[in-house]
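Just below is one structure, and these are the notes that go with it.
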Amino acid sequence: GENIRMLDMPDGEYDRVVGQAVENAFLEYYHRVVVVLENNPLVGTGLIRRAFDLLGTEDDAVVVTPAADGRAAMLALKANHPSVFRPGAFPSAKGEGIMSRLCALDVHIYPTTPTAPIFAVDSPGTIDRLRRYVAGMDPSDPSFPKQTSGVFRSLEKKYRLKKAHA
């Protein structure tokens with residue numbers, strides 16, 4: 001919305017900011033926290049709900065949703081694990097290095113399997129990949145990203161992208 005400001009973070013700040021946000025959530029007595037690491041419209045409420053459900057009753061559980069490139073796209077936590085988000089946790093891309101840090105913890109790790117491939121939307125190629133994937137989705141599916149589809153339709157109409165990629 002109009003109250004949201006998007007800013008690039010300086011190198012080395014992402015891990016600090018994410019770690020602080022997770023710590024603050026647990027300090028505010030949230031018992032389960034989801035951290036979305038990839039800005040992809042296919043990470044929706046269904047996937048987040050499944051992650052919360054998988055946390056279950058284990059005292060120390062972590063749910064990991066893998067991205068198509070092997071990084072973590074989303075985490076669900078029942079406790080704060082500062083070592084996962086310590087400085088340098090994200091050397092060149094969000095989620096890189098988190099898997100090895102999670103494996104070093106004494107926790108139960110549960111993977112979720114997304115219904116759609118989750119990948120970083122950070123280059124023209126991955127944006128086009130998302131556009132093609134959304135175009136092939138069923139618009140009646142409750143997880144269909146309507147706003148994203150609308151943006152792509154507007155761009156296709158304006159720039160005649162369909163003819164160029166058909």
Side-chain angles (χ1 to χ4, degrees), residues 1-22 24-25 28 30 32-55 62-77 84-85 88-99 101-102 109-166:
E2 58 201 42
N3 295 328
I4 297 174
R5 290 181 38 209
M6 303 292 281
L7 303 170
D8 285 331
M9 286 187 212
D11 287 340
E13 287 294 302
Y14 184 82
D15 46 8
R16 184 189 63 74
V17 170
V18 171
Q20 189 63 56
V22 170
N24 290 347
E28 292 178 20
Y30 286 93
R32 297 180 293 172
V33 174
V34 169
V35 182
V36 178
L37 298 167
E38 291 298 343
N39 182 16
N40 186 312
L42 302 178
V43 174
T45 56
L47 187 59
I48 292 170
R49 217 176 269 118
R50 274 198 308 273
F52 275 127
D53 290 345
L54 282 171
L55 286 175
V62 174
V63 176
V64 178
T65 302
D69 62 3
R71 296 182 290 182
M74 187 176 78
L75 299 176
L77 309 162
V84 173
F85 301 105
F90 308 97
S92 62
K94 301 183 295 276
E96 227 175 70
I98 284 184
M99 297 305 291
R101 290 173 188 210
L102 288 172
I109 299 176
Y110 301 98
T112 60
T113 305
T115 55
I118 305 300
F119 49 88
V121 182
D122 58 2
S123 71
T126 56
I127 292 169
D128 188 53
R129 179 179 175 189
L130 177 63
R131 181 189 66 80
R132 287 182 280 121
Y133 187 85
V134 169
M137 290 179 74
D138 178 3
S140 66
D141 185 324
S143 66
F144 182 75
K146 293 179 181 92
Q147 290 180 333
T148 302
S149 177
V151 168
F152 284 137
R153 279 195 313 274
S154 296
L155 291 172
E156 287 168 352
K157 185 176 179 182
K158 184 173 182 176
Y159 297 107
R160 295 175 173 54
L161 292 176
K162 277 189 178 178
K163 291 180 182 175
H165 293 306

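When a residue number appears, it is its place in the shown sequence, counting from 1. Note that these values count all heavy atoms, side chains included, but never hydrogens, waters or copies made by symmetry.
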(message) Quick one, Tyr30 with Val22, criterion side-chain contact (heavy atoms from CB on, under 4.5 Å). Give me CA distance, side-chain angles, the key distance, then yes/no.
(response) CA-CA 10 Å; Tyr30 286 93; Val22 170; over 6 Å; no
(request) Check step by step if salt bridge (Lys or Arg N to Asp or Glu O under 4.0 Å) holds for Asp128 and Arg131. (result) CA-CA 5 Å; Asp128 188 53; Arg131 181 189 66 80; 3.0 Å; yes
(request) Decide side-chain hydrogen bond (donor to acceptor under 3.5 Å, both in side chains) for Asn24 and Glu28; before the verdict, give the C-alpha distance in whole Å, the side-chain angles of both, and the deciding distance to 0.1 Å. (result) CA-CA 6 Å; Asn24 290 347; Glu28 292 178 20; 5.7 Å; no
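Residues Pro145 and Val134 share a closest heavy-atom pair of CG-CG2, 3.9 Å. In terms of heavy atoms, Gly19 sits closest to Phe85 at CA-CB, 3.5 Å. Listed here is the closest heavy atom pair of Ile109 and Pro111: O-CD, 3.9 Å. Of all heavy-atom pairs spanning Ala76 and Val34, the tightest one is CB-CG2, 4.0 Å. Across all non-hydrogen atoms, the minimal contact from Thr148 to Pro41 is OG1-CB, 3.3 Å. What you find for Val64 and Ala72 is that their closest heavy atoms are CG1-CB, 4.2 Å.
By the side-chain contact (heavy atoms from CB on, under 4.5 Å) test, Tyr133 is found to be paired with Leu42, Ala116, Pro117, Met137, residues two or more places apart in sequence or in another chain being considered. In terms of the side-chain contact (heavy atoms from CB on, under 4.5 Å) criterion, residue partners of Arg32 (sequence neighbours excluded) are, by chain and number, Phe52, Leu55, Lys78. Taking the side-chain hydrogen bond (donor to acceptor under 3.5 Å, both in side chains) definition, one finds that Thr112 meets it with Thr65, sequence neighbours left out. In this view, Ser154 satisfies the side-chain hydrogen bond (donor to acceptor under 3.5 Å, both in side chains) rule with no residue, not counting sequence neighbours.
One distance of note links CD1 of Ile127 with CZ of Arg132; it measures 12.0 Å at 0.5 Å rounding. Here CG of Leu130 is found 5.5 Å from CG of Asn40. Values are rounded to the nearest 0.5 Å. Atoms OH and CG, on Tyr110 and Asp53 in that order, are 13.0 Å from each other to the nearest 0.5 Å.
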